[in-house]
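What you see is a predicted model; the values in this text were computed from it and never measured. These values consider heavy atoms only, across backbone and side chains, with no hydrogens, waters or symmetry-generated copies.
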Protein chains: 2
Amino acid sequence: MPHAEAPRWTTYANERLASEGFRRGGGRAAVIDLLDSQECALSAQEIEDQLRSGERKVGRATVYRVLDELVELGLLNKVEIGDGVARFEAAFPEGADHHHHFVCSNCGKLIPFEDDELERALRRVARREGLVMESHEVTLRGRCPDCD
Amino acid sequence: MPHAEAPRWTTYANERLASEGFRRGGGRAAVIDLLDSQECALSAQEIEDQLRSGERKVGRATVYRVLDELVELGLLNKVEIGDGVARFEAAFPEGADHHHHFVCSNCGKLIPFEDDELERALRRVARREGLVMESHEVTLRGRCPDCD
DNA sequence: TGCTTAACGAGACTGAGTCCCGATATTGTC
DNA sequence: GACAATATCGGGACTCAGTCTCGTTAAGCA
């Protein structure tokens with residue numbers, strides 16, 4: 001018999017959407033499924049292309065609409081690395097799996113990292129400046145181990 | 001008699017450009033002058049508009065070309081706060097005046113801040129991950145004191 | 001003064017993201 | 001199950017930041 005597994009993001013996302021009063025729809029489900037199966041962040045274009053070649057076609061308008069909704073609900077992180085294309089990745093509740101990104105200036109690879117000390121420093125800064133921090137992004141640029 | 005003042009960014013930028021073998025040109029000079037007189041970061045569009053209504057017209061291609069050159073030389077910081085528009089602000093040598101930004105999610109105000117502890121944490125992370133850090137950006141989002 | 005070539009600008013073009021609006025599907029109700 | 005109300009969806013036109021081309025202008029050197 002299988003033992004309990006960590007709940008999939010799809011499950012969590014669908015529960016959250018239901019509790020917020022959203023109806024279930026094929027387009028949204030397709031986008032959520034695709035995002036759940038990804039290693040790293042996908043751009044809206046990549047999502048649109050992958051879904052177009054799949055069995056469930058989804059229009060561009062729907063892709064952007066769904067991404068906006070999910071980001072708004074905190075179910076998705078919007079990652080912008082400065083190339084003019086927004087990328088999206090699944091976000092778990094309570095900031096579990098919270099991380100930032102390193103972008104290799106040579107090969108373009110995206111490497112996630114996390115650091116408690118960094119997070120503490122950010123909270124301290126916000127407090128000192130009298131700012132109520134809702135979210136934050138940290139992007140490091142440079143050479144990854146492979147390209148150095 | 002006037003006593004010595006801190007050198008203006010324009011001066012620093014022009015010296016740097018000269019030493020890199022750039023010729024002097026009216027378009028570049030106009031962009032540099034405008035940027036030097038700014039409190040906070042300007043978008044390419046704002047630069048183009050302000051110069052168009054001024055006495056020295058500068059074409060869009062020139063604005064973008066000059067901005068790219070200056071960023072490449074480290075004379076300008078490119079600031080991206082996630083609204084799809086890149087902004088630019090004068091950067092001083094040796095990372096003097098190095099800072100990051102807080103974006104108010106309510107009024108959109110851009111507030112600069114700096115923090116040594118944060119910088120140390122970033123360097124530590126890069127070292128730990130085996131990454132050669134060339135640059136980094138930190139963006140905090142939330143409510144500014146006025147909007148809270 | 002002339003030559004070489006960097007700097008410039010008008011405007012066409014690209015591509016991510018937005019918007020409109022008619023078509024379709026989900027859910028609650030009878 | 002049938003129906004109404006309305007959320008969801010998608011084709012495609014549109015916006016707009018940023019890029020590219022190419023002919024013109026002008027800086028700097030001999």
Atom [atom1] of [X] to atom [atom2] of [N]: distance rounded to whole Å?
X        : N       : atom1 : atom2 : answer
Leu17(A) : dT26(C) : CG    : P     : 15 Å
Lys57(A) : dA23(C) : NZ    : C1'   : 19 Å
Asp83(A) : dG18(D) : CG    : P     : 13 Å
Glu20(A) : dA7(D)  : CD    : P     : 15 Å
Leu67(A) : dG10(D) : CG    : P     : 13 Å
Phe22(B) : dG28(D) : CZ    : C1'   : 16 Å
Arg65(A) : dC9(D)  : CZ    : C1'   : 6 Å
Arg24(A) : dT6(D)  : CZ    : C1'   : 17 Å

By the 4.0 Å heavy-atom rule, please label Arg56(B) as base, sugar-phosphate, or nothing.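 The answer is sugar-phosphate, as Arg56(B) gets under 4.0 Å only of primed atoms, P, OP1 or OP2.
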
Its contact letters, B for base, S for sugar-phosphate only and - for none at protein heavy atoms under 4.0 Å, make nucleotides 12-19 of chain C read B---SBBB

[X] bridged to [Y] by N-O distance under 4.0 Å:
X         : Y         : answer
Glu20(A)  : Arg16(A)  : yes
Arg124(A) : Asp115(B) : no
Arg141(B) : Glu134(A) : no

Can a donor-acceptor pair be found, under 3.5 Å and without considering hydrogens, that links the side chain of Lys109(B) to the backbone of Cys104(B)?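 Absent.
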
Examine distances only and state if a side-chain atom of Trp9(B) and a backbone atom of Leu75(B) form a donor-acceptor pair shorter than 3.5 Å.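 Yes, the answer is positive, given that a donor and an acceptor are paired below the 3.5 Å cut-off.
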
At less than 3.5 Å, do the side-chain atoms of Arg23(A) and the base atoms of dT6(D) form a donor-acceptor pair?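 By the distance-only test, yes, there is a pair.
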
How would you list all residue pairs meeting salt bridge (Lys or Arg N to Asp or Glu O under 4.0 Å) that involve residues 63-82 of chain A, not counting sequence neighbours?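 Listed by first then second residue: Arg28(A)-Glu69(A).
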
